[in-house]
Amino acid sequence: MAQTLHSRGLDSRGHIAREGSSLARVADVFRPVVVAARDRIPDTFGTRLHSAYLYGSIPRGTAREGRSDLDLLVVLREEPTAADRADGRALDEALDKEFPQIDGGGTLLVGHARVLSDLERHDLGWFLACLCTPLLGEDLAAYLPRYRPDSLLARETNGDLALFLQRWRDRIASADDSAEARRPLVRFMSRHLVRTAFTLVMPRWNGWTSDLHEMAEAFGAYYPQRAEQLRRAAVLGYEPSGDRAVLASYVDDLGPWLAEEYARVHGVKADRPEEH
């Protein structure tokens, strides 16, 4: 029986509906890339592989030819090693070089036990169960709960922004002094901040979306004094500039304010030992 989807990305029981639950929404132009990834992942990781997933705009059917990247989540039977990460980067580079339809790619590697751990249930587990499309192997979503857009989910997904801000400052300082070098940073940080701003208000908005513009509008309804800033960030998340002033505004103004407000409303994300 087909799942009934209600407004704002929820099903009839108020759970977040899985985005791209099948590969049906992948546009024809991206299908050769997806097929190549599905064929090469087992060759790359061999018996270490447990399962693999697509996420992002390609499985959602919103990808733009020549502008969107290929996002893969690969679950290994054990925690990934440095060699595994090198293999993942090589896979990304090969696919990007071969297929002009995509503009880069990124393979996220995680261990099987970590995905199903209590600590990651409302972060990495939620991400797999709600935002990832099965590509290879056993779908671990079957072992995870259904999720509601509540404060617990908000805290565990994005309640760690304060930890990132100094790292972002370091990345900005070490980047080449050129618009070309800054553009990927603007894209990444814009997206991160818009998504964090959205999950700040997600329980009140009572829904889920992955569209940056819709996220910004949802946030702006509750924080009108910051609405225009988020709208600009949403635009830059899709069409980034290399403006140094944008990055400065993120780490000196919007980011610190958002981290403080997030902690006030939802609390701080549970500590991860590997972050120390």
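The figures that follow rest on heavy atoms only: side chains count, while hydrogens, waters and symmetry mates do not. It should be emphasised that the depicted structure is a prediction, and the values quoted were computed from it without experimental measurement. For this chain, numbers begin at 1 and follow the sequence in order.
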**Message:** Please give me the minimum heavy-atom distance between H122 and E156, naming the atom from each residue.
**Reply:** O-CB, 3.5 Å
**Request:** Verify side chain to side chain contact (heavy atoms under 4.5 Å, CB included) between V115 and E120, making sure each step is shown before the conclusion.
**Result:** CA-CA 6 Å; V115 174; E120 293 292 345; over 6 Å; no
**Request:** Determine the minimum heavy-atom distance between P134 and D139, stating which atoms define it.
**Result:** CG-OD2, 3.5 Å
**Exercise: identify the closest heavy-atom pair between H266 and R155** = O-CD, 3.2 Å
**Pair Q229, R232: side-chain N/O donor-acceptor within cut-off below 3.5 Å** = no
**Asked** Judged by atom type as modelled, is there a donor-acceptor pair below 3.5 Å linking the side chain of D160 to the main-chain atoms of L163?
**Response** no
**Item:** Distance (rounded to the nearest 0.5 Å) between K269 NZ and T157 OG1
**Value:** 7.5 Å
**Request:** Report whether V34 and L131 are members of the same hydrophobic cluster (ILVMFWY, side-chain heavy atoms less than 4.5 Å apart, transitive linking).
**Result:** no
**Neighbour count >12 (heavy atoms, 6.0 Å) for atom CG, D176** = no
**Asked** Does R226 count as lying over the ring of F219, i.e. NZ or CZ under 6.0 Å from the six-ring centre, within 45 degrees of the axis?
**Response** no
**Message:** Does E98 have more than 12 heavy atoms from other residues, nucleotides or ligands lying within 6.0 Å of its CD?
**Reply:** yes
**Request:** Give a yes or no on whether a salt bridge exists between D170 and R167, defined as a side-chain N under 4.0 angstrom from a carboxylate O.
**Result:** no
**Request:** Would you give the length of the straight line joining atom CZ of R146 to atom CZ of R13, rounded to the nearest 0.5 angstrom?
**Result:** 8.5 Å
**In one Ile/Leu/Val/Met/Phe/Trp/Tyr side-chain cluster, 4.5 Å: Y143, L136** = no
**Request:** Would you check if C132 and L54 make a side-chain contact, meaning some heavy-atom pair closer than 4.5 Å?
**Result:** no
**Message:** Are L140 and F45 connected into the same hydrophobic cluster when the rule is that any two of I, L, V, M, F, W, Y join if their side-chain heavy atoms are below 4.5 Å apart?
**Reply:** no
**Message:** Could you report the tightest heavy-atom contact between E19 and T209, atom names first, then the distance?
**Reply:** OE2-C, 4.3 Å
**Prompt:** Can you tell if the side chain of R85 reaches within under 4.5 Å of the side chain of L109, non-hydrogen atoms only?
**Reply:** yes
**Request:** In sequence, state the C-alpha distance, the side-chain angles, and the governing distance for R121 and D118, and then conclude on salt bridge (Lys or Arg N to Asp or Glu O under 4.0 Å).
**Result:** CA-CA 5 Å; R121 180 154 298 173; D118 289 342; 3.4 Å; yes
**Complete:** From the list L73, V74, L72, side chain to side chain contact (heavy atoms under 4.5 Å, CB included) partner of L135 resolves to L72
**Exceeds 12 heavy-atom contacts within 6.0 angstrom, atom CD of E239** = yes
**Asked** Does any N or O in the side chain of R48 come within less than 3.5 Å of the main-chain N or O of T44, such that one atom is a donor and the other an acceptor?
**Response** yes
**Request:** Apply side chain to side chain contact (heavy atoms under 4.5 Å, CB included) to the pair D11 and R18, showing each step before the final yes or no.
**Result:** CA-CA 9 Å; D11 66 17; R18 193 177 202 174; over 6 Å; no
**Prompt:** Ignoring hydrogens and geometry, is there a side-chain-to-backbone donor-acceptor pair from R231 to E217 under 3.5 Å?
**Reply:** no
**Request:** Please check if atom CD in E180 has more than 12 non-hydrogen atoms from other residues, nucleotides or ligands closer than 6.0 Å.
**Result:** no
**Request:** Answer with yes or no whether the hydrophobic clustering places L76 together with Y53; edges join I, L, V, M, F, W, Y residues whose side-chain heavy atoms lie under 4.5 Å apart.
**Result:** no
**Message:** Could you walk me through whether V194 and R191 satisfy the side chain to side chain contact (heavy atoms under 4.5 Å, CB included) test, starting with their C-alpha distance in whole Å, then the side-chain angles of each, then the deciding distance to 0.1 Å, before giving a yes or no?
**Reply:** CA-CA 5 Å; V194 172; R191 292 184 170 208; 6.0 Å; no
**Request:** Using distance alone, with no hydrogens and no angle criterion, decide if Y262 and T199 have a side-chain donor and acceptor under 3.5 Å apart.
**Result:** yes
**Request:** Rounded to the nearest 0.5 Å, what's the gap from CG on L10 to CG on N206? Could you check?
**Result:** 5.5 Å
**Request:** For R77 and L49, indicate whether the former's side chain and the latter's backbone hold a donor-acceptor pair under 3.5 Å.
**Result:** yes
**Request:** Begin from the C-alpha positions of S249 and L254 and carry the test side chain to side chain contact (heavy atoms under 4.5 Å, CB included) through to its verdict.
**Result:** CA-CA 6 Å; S249 73; L254 179 59; 5.9 Å; no
**Contact summary for Y223 and R264, nearest pair of heavy atoms** = OH-NH2, 4.4 Å
**N-O pairing of R114 and D123 below 4.0 Å** = no
**Complete:** Taken to the nearest 0.5 Å, the spacing of M189 CE from L247 CG works out to 6.0 Å
**Asked** Of L200, V268, L193, which is the lone residue that meets side chain to side chain contact (heavy atoms under 4.5 Å, CB included) with L161?
**Response** L193
**Asked** Would you say L144 and L116 make side-chain contact, with heavy atoms under 4.5 Å?
**Response** yes
**Asked** For the atom pair CZ (R60) and CG (D211), what is the distance rounded to the nearest 0.5 Å?
**Response** 8.0 Å
**Asked** Does a donor on one side chain and an acceptor on the other come within less than 3.5 Å for D92 and T107?
**Response** yes
**Request:** With the side chain counted from C-beta on, respond yes when D71 and I58 share a heavy-atom pair under 4.5 Å apart, and no when they do not.
**Result:** no
**Prompt:** Any link between Y250 and I172 through a network of hydrophobic side chains (Ile, Leu, Val, Met, Phe, Trp, Tyr) touching at under 4.5 Å?
**Reply:** yes
**Prompt:** Can the ring centroids of Y238 and H213 be said to lie less than 6.0 angstrom from one another?
**Reply:** yes
**Request:** Check whether any side-chain heavy atom of S22 lies under 4.5 Å from a side-chain heavy atom of T133, and answer yes or no.
**Result:** no
**Message:** For the CZ atom of R183 and the CG atom of L185, what is their distance to the nearest 0.5 Å?
**Reply:** 11.0 Å
**Request:** Might you confirm whether atom CZ of F188 has over 12 heavy atoms from other residues, nucleotides or ligands at distances under 6.0 Å?
**Result:** yes
**Request:** For A154 and M202, work out which heavy atoms get closest and say how close.
**Result:** N-CE, 3.9 Å
**Asked** Do L128 and L124 come within less than 4.5 Å of each other through their side chains, counting heavy atoms only?
**Response** no
**Side-chain heavy-atom pair V33, F99 within 4.5 angstrom cut-off** = yes
**Prompt:** Between D69 and R187, is a salt bridge (Lys or Arg N to Asp or Glu O under 4.0 Å) present by the stated rule, with each step listed?
**Reply:** CA-CA 12 Å; D69 50 7; R187 179 178 184 269; 3.6 Å; yes
**Item:** pair I102-S68: side-chain heavy atoms closer than 4.5 Å
**Value:** no
**Prompt:** Looking at F127 versus Y55, is the centre-to-centre ring distance below 6.0 Å?
**Reply:** yes
**Request:** For the pair D96 (side chain) and E93 (backbone), establish whether a donor and an acceptor sit closer than 3.5 Å, ignoring hydrogens and angles.
**Result:** no
**Request:** Answer with yes or no after comparing the ring centroid distance for F198 and W208 against a 6.0 Å cut-off, counting only values under it.
**Result:** yes
**Asked** Less than 6.0 Å separating the ring centroids of H15 and Y147?
**Response** no
